[in-house]
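Data block below; observations after.
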Amino acid sequence: MNTRAWTPIPRSFYDRPTVQVAQELLGHYLVREYEGQLLVGRIVETEAYVGLDDKASHASVGRTARNAVMFGPPGYAYVYLIYGVHHCLNVVTERPGYPAAVLIRALEPVEGVEVMRRLRGGRADRELTNGPGKLCQALAIDLRFNGHDLCLGRELWVAQGESVPPEEIVRGPRVGVRGDERALTVPWRFAIRGNPYVSRGR
DNA sequence: GGTTCGATCCTCT
DNA sequence: GAGGATCGAACCT
């Protein structure tokens with residue numbers, strides 16, 4: 001189980017339409033080096049945030065200090081603090097200057113589960129990584145990773161997994177967003193159908 | 001320098 | 001189902 005390579009996905013993967021990247025990220029792996037151990041989770045739920053016109057996106061207000069990474073090159077982590085309590089991890093997509101990213105909403109724990117349990121205060125395995133804030137706590141991801149290059153295979157990266165066939169993917173509106181009618185209804189959330197680690201949603 | 005608020009989670013009812 | 005936690009950043013004055 002520890003013999004797997006966990007090869008980083010190349011930057012070119014992220015330099016494509018964000019909704020497509022969000023869908024195709026399902027089945028790949030988020031890998032974290034933490035205190036000499038590997039914490040690995042299979043990506044089972046994502047959401048796309050696309051461009052200035054997406055009123056649910058942090059980038060809809062224009063470029064600011066917080067969202068600057070979203071305007072940068074693809075393949076970097078955009079991490080922010082929400083409600084002063086939890087962190088959320090995004091992967092930046094598309095060309096520099098165009099603000100877009102994919103929020104990682106849920107993982108299926110694969111490796112380093114003991115450490116994840118400890119970081120999550122001994123909660124049930126089902127509750128370790130089934131939400132964007134939860135998975136950041138389980139993998140010790142915080143603001144220090146904002147702007148981190150996810151293509152290097154160091155500290156935090158996305159590793160090559162197996163693609164999920166379309167019939168196994170559920171698609172629907174995003175969770176917890178504010179904004180206009182389009183922001184609330186556009187089906188830019190993707191999840192692996194029936195996977196027990198998908199977040200509760202609304 | 002002050003105020004407001006959030007792409008969430010947890011606890012209590 | 002409701003309410004609170006708790007902080008950085010945005011947006012005032």
Side-chain angles (χ1 to χ4, degrees), chain A residues 14 17-23 25-26 30 41 43-72 74 76-94 98-109 116-148 150 156 158 170-192 196-202:
Chain A
Y14 306 103
T18 304
V19 172
Q20 188 179 350
V21 174
Q23 179 164 346
L25 271 172
L26 298 176
L30 186 64
I43 298 171
V44 299
E45 183 181 352
T46 61
E47 282 176 359
Y49 290 85
V50 189
L52 292 166
D53 295 333
D54 180 358
K55 297 305 184 202
S57 171
H58 292 167
S60 65
V61 297
R63 183 179 183 137
T64 65
R66 177 170 75 149
N67 65 26
V69 176
M70 286 186 77
F71 288 77
Y76 287 77
Y78 169 47
V79 181
Y80 63 89
L81 180 64
I82 186 68
Y83 297 103
V85 182
H86 298 106
H87 299 276
C88 292
L89 170 69
N90 297 252
V91 183
V92 175
T93 55
E94 306 203 43
Y98 185 81
V102 174
L103 172 68
I104 310 298
R105 281 199 59 88
L107 303 173
E108 177 179 339
M116 294 185 199
R117 287 193 194 106
R118 176 162 59 80
L119 289 169
R120 287 280 295 134
R123 290 179 190 285
D125 287 4
R126 199 65 60 89
E127 300 291 324
L128 294 179
T129 54
N130 64 333
K134 298 178 187 179
L135 73 89
C136 282
Q137 187 178 23
L139 270 62
I141 295 166
D142 59 27
L143 287 181
R144 291 173 308 186
F145 283 99
N146 189 37
H148 177 83
L150 295 168
L156 179 68
V158 182
V170 201
R171 182 174 184 170
R174 294 170 293 183
V175 175
V177 299
R178 317 286 172 94
D180 56 19
E181 184 66 16
R182 174 168 171 268
L184 295 175
T185 58
V186 69
W188 286 350
R189 169 178 180 256
F190 299 92
I192 297 180
Y197 295 93
V198 169
S199 74
R200 299 194 179 282
R202 9 185 152 190

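In what follows, chains are A, B, ... by sequence order, proteins preceding strands, each numbered from 1.
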With a 4.5 Å heavy-atom cut-off, do [X] and [Y] have their side chains touching?
X      : Y      : result
A:D125 : A:R117 : yes
A:H58  : A:T64  : no
A:I141 : A:L156 : yes
A:L25  : A:F190 : no
A:V102 : A:W188 : no
A:L89  : A:L139 : no
A:N67  : A:Y78  : yes

Looking at [X], does any N or O in its side chain come under 4.0 Å of the phosphate oxygens OP1/OP2 on [N]?
X      : N      : value
A:R189 : B:dA7  : no
A:R66  : C:dA10 : no
A:R123 : B:dT11 : yes
A:H86  : B:dC9  : no
A:K55  : B:dA7  : no

Flag yes if more than 12 heavy atoms outside A:R144 fall under 6.0 Å of its CZ atom; otherwise flag no.
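Result for CZ/A:R144: open.
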Looking only at side-chain atoms of A:V85, point me to the closest of B:dC9, C:dA5, B:dA7.
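So the side chain of A:V85 is nearest to C:dA5.
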When you get a sec, tell me which of B:dA7, B:dT8, B:dT11 is the closest nucleotide to the side chain of A:V175?
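Out of B:dA7, B:dT8, B:dT11, the nucleotide with an atom closest to A:V175's side chain is B:dT8.
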Once you round it to whole Å, what is the distance between [atom2] of [N] and [atom1] of [X]?
X      : N      : atom1 : atom2 : result
A:I82  : B:dC10 : CD1   : P     : 15 Å
A:E127 : B:dT8  : CD    : P     : 16 Å
A:L143 : C:dC7  : CG    : C1'   : 9 Å
A:N146 : C:dC7  : CG    : P     : 18 Å
A:L103 : B:dT8  : CG    : C1'   : 11 Å
A:E45  : B:dT8  : CD    : P     : 10 Å
A:L89  : B:dT8  : CG    : P     : 14 Å
A:R178 : B:dA7  : CZ    : P     : 7 Å

Under 3.5 Å donor-acceptor pair, A:Y80 side-chain atoms to B:dA7 base atoms:
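Present.
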List every contact pair, protein side and nucleotides 11-13 of chain C side both N or O, where the distance is under 3.5 Å.
none

Using a 4.0 Å heavy-atom cut-off, does A:G84 contact any base of the nucleic acid, only the sugar-phosphate backbone, or nothing at all?
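Base: the residue A:G84, judged by heavy atoms under 4.0 Å, touches a nucleobase.
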Under 4.0 Å between any heavy atoms, over every strand shown, what does A:A65 touch: base, sugar-phosphate, or nothing? Just pick one.
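The answer is sugar-phosphate, as A:A65 gets under 4.0 Å only of primed atoms, P, OP1 or OP2.
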Residue whose nearest DNA chain B nucleotide is more 5′ - A:Q137 or A:H58:
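Checking each residue's closest nucleotide, the 5'-ward one belongs to A:H58.
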Name of the residue among A:R171, A:R174, A:R105 meeting salt bridge (charged side-chain N to carboxylate O under 4.0 Å, His left out) with A:E47
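It is A:R105; the other options fail the test.
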Contiguous Watson-Crick or G-U pair runs (3 or more, under 3.5 Å) in DNA chain C
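The stems are B:1-6 with C:7-12, B:8-12 with C:1-5.
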P-based separation of C:dG1 from B:dA7 [nearest Å]:
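One P to the other, the span is 22 Å.
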Are A:E181 and A:K55 ion-paired here, with the side-chain N under 4.0 Å from a carboxylate O?
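No, A:E181 and A:K55 are not salt-bridged.
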